[in-house]
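Everything below concerns the one structure shown next.
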Amino acid sequence: MAKAVVANDHGAVELAARVVEHLKNRGYEVSYLGTDKEESIDYPDKAEEAVMEYRKGGYDFGVLLCGTGIGISISANKMKGIRCALPETKYAATMAKEHNNANFIAFGGRIDYKEDVLDILDGYLDASFEGGRHQRRIDKMMALEGK
Ligand code: RB5
């Protein structure tokens with residue numbers, strides 16, 4: 001069974017519940033790290049928690065959520081080996097997998113998306129990495145880490 005880790009701050013509690021339910025309905029095993037509370041917490045802490053969990057192994061991808069998706073995705077992208085995409089359309093989410101082989105995907109609970117976030121997420125879930133020239137570019141991208 002494919003496995004995902006999901007984490008969020010207080011800016012995306014409702015969206016996180018929808019995402020977790022959707023992933024489970026699609027047959028994914030989900031490790032949900034919260035928060036399920038409205039109290040203010042710091043998104044870098046949730047990004048770190050999710051990436052550390054992902055690194056334990058057995059995970060296919062992670063979903064990170066905060067008010068905009070920006071802070072938590074930037075935080076995750078500071079950690080080695082992480083490629084966290086922040087798509088606003090299904091097309092971009094599909095490309096995040098096909099071309100960028102993103103291992104995390106982020107959304108904002110306070111963003112008024114033109115497409116349903118779950119449809120955007122489906123674009124990522126239903127896509128496959130194309131490899132080839134895209135692997136070369138990813139190798140170059142990852143070589144930028146620490147520069
Ligand atoms: C929290 O108020 C908010 O700043 C956070 O959820 C996120 O939007 C940051 O990028």
Side-chain angles (χ1 to χ4, degrees), residues 1-129 134 137-138 140-147:
M1 186 190 282
K3 204 171 160 193
V5 58
V6 179
N8 60 284
D9 77 358
H10 56 285
V13 172
E14 272 181 36
L15 180 58
R18 289 184 68 216
V19 165
V20 168
E21 187 191 14
H22 185 68
L23 289 172
K24 286 182 177 168
N25 287 343
R26 283 199 50 152
Y28 289 93
E29 188 183 333
V30 179
S31 294
Y32 179 53
L33 307 181
T35 180
D36 59 1
K37 299 182 177 57
E38 305 291 338
E39 284 140 52
S40 182
I41 58 166
D42 296 337
Y43 55 79
D45 297 336
K46 298 312 291 186
E48 182 180 14
E49 218 181 296
V51 171
M52 296 312 281
E53 179 63 27
Y54 175 82
R55 284 180 180 165
K56 288 180 183 169
Y59 287 95
D60 294 276
F61 64 95
V63 184
L64 296 173
L65 311 152
C66 67
T68 58
I70 296 171
I72 203 160
S73 60
I74 293 174
S75 301
N77 280 319
K78 296 283 180 194
M79 296 182 73
K80 262 198 183 320
I82 302 306
R83 291 180 300 282
C84 182
L86 179 60
E88 294 211 1
T89 64
K90 186 170 189 172
Y91 169 74
T94 302
M95 289 300 113
K97 184 67 192 174
E98 289 186 357
H99 288 191
N100 312 120
N101 202 15
N103 44 19
F104 273 77
I105 187 164
F107 298 102
R110 296 172 183 158
I111 298 294
D112 187 13
Y113 289 93
K114 290 200 179 90
E115 300 169 31
D116 191 315
V117 168
L118 302 183
D119 286 336
I120 301 175
L121 178 58
D122 280 342
Y124 174 78
L125 299 177
D126 294 335
S128 304
F129 179 49
H134 302 296
R137 291 163 186 165
I138 288 170
K140 288 186 177 183
M141 182 203 295
M142 300 319 280
L144 295 173
E145 274 180 340
K147 273 200 177 177

Restricting to non-hydrogen atoms, name the atom on A106 and the atom on G69 that form the minimum distance, rounded to 0.1 Å. CB-O, 3.9 Å
F104 pairs by side chain to side chain contact (heavy atoms under 4.5 Å, CB included) with which of I82, I72, V63? I82
Mind checking the OG-NZ spacing from S31 to K3? Nearest 0.5 Å is all I need. 4.5 Å
With rounding to the nearest 0.5 angstrom, report the CD1 to OG distance, I70 to S75. 11.5 Å
Among residues at least two apart in sequence or on other chains, which ones pass salt bridge (charged side-chain N to carboxylate O under 4.0 Å, His left out) with D60? none
Closer than 3.5 angstrom, by distance alone: can the side chain of Y124 be matched with the main-chain N or O of A102 as a donor-acceptor pair? yes
Centroid separation F61 to Y28 less than 6.0 Å: yes
What residues form a side chain to side chain contact (heavy atoms under 4.5 Å, CB included) with V117, not counting sequence neighbours? L15, F107, Y113
To check you understand the geometry: which heavy-atom pair defines the closest contact between A76 and A47, and what is its length? N-CB, 3.9 Å
What heavy-atom pair brings E98 and A127 nearest, and what distance separates the two atoms? CG-CB, 3.9 Å
Neighbour count >12 (heavy atoms, 6.0 Å) for atom CD, E21: no
Passes side chain to side chain contact (heavy atoms under 4.5 Å, CB included), V19 versus L118? Steps please. CA-CA 7 Å; V19 165; L118 302 183; 4.2 Å; yes
Under a 4.5 Å cut-off applied to non-hydrogen side-chain atoms, are H99 and R137 in contact? no
Minimum heavy-atom distance A16-Y32, with the two atoms named: CB-OH, 3.7 Å
What residues, two or more places apart in sequence or in another chain, satisfy salt bridge (charged side-chain N to carboxylate O under 4.0 Å, His left out) together with E49? K46
If you measure from CG on L65 to CD1 on I111, what distance do you get to the nearest 0.5 Å? 12.0 Å
Let me see the working for K97 and I105 under side chain to side chain contact (heavy atoms under 4.5 Å, CB included), right down to the final yes or no. CA-CA 9 Å; K97 184 67 192 174; I105 187 164; over 6 Å; no
Taking only residues two or more places apart in sequence or in another chain, which ones pass side chain to side chain donor-acceptor pair (under 3.5 Å) with N77? none
Quick one: salt bridge (charged side-chain N to carboxylate O under 4.0 Å, His left out) partners of E53, sequence neighbours excluded? K56
Can you measure from NE2 (H10) to CD (E39) and round to the nearest 0.5 angstrom? 10.5 Å
What residues, two or more places apart in sequence or in another chain, satisfy side chain to side chain donor-acceptor pair (under 3.5 Å) together with D42? none
D116 side chain near R18 side chain, heavy-atom distance below 4.5 Å: yes
Out of curiosity, N100 CG to F129 CZ, how far, rounded to the nearest 0.5 Å? 8.5 Å
When rounded to the nearest 0.5 Å, the distance separating OG1 of T89 from CD1 of I120 is 6.5 Å
With a 4.5 Å cut-off on side-chain heavy atoms, are D126 and T94 touching? no
Identify the two heavy atoms, one from D9 and one from C66, that lie closest to each other, and give their separation to 0.1 Å. OD1-CA, 3.2 Å
Sub-4.5 Å side-chain heavy-atom contact between L33 and V6: no
As a quick check of understanding, evaluate side chain to side chain contact (heavy atoms under 4.5 Å, CB included) for L23 and L121, giving each step before the final call. CA-CA 9 Å; L23 289 172; L121 178 58; 4.1 Å; yes
Shortest non-hydrogen contact between M79 and E145, atoms and distance: O-OE2, 3.8 Å
Would you call H134 and N101 a side-chain contact if the rule is heavy atoms closer than 4.5 Å? no
Kindly indicate, with the supporting measurements, whether the criterion side chain to side chain contact (heavy atoms under 4.5 Å, CB included) is fulfilled by R83 and M142. CA-CA 9 Å; R83 291 180 300 282; M142 300 319 280; 3.6 Å; yes
Looking only at atom types and distance, does a side-chain atom of N103 sit under 3.5 Å from a main-chain N or O of G81, one as donor and one as acceptor? yes
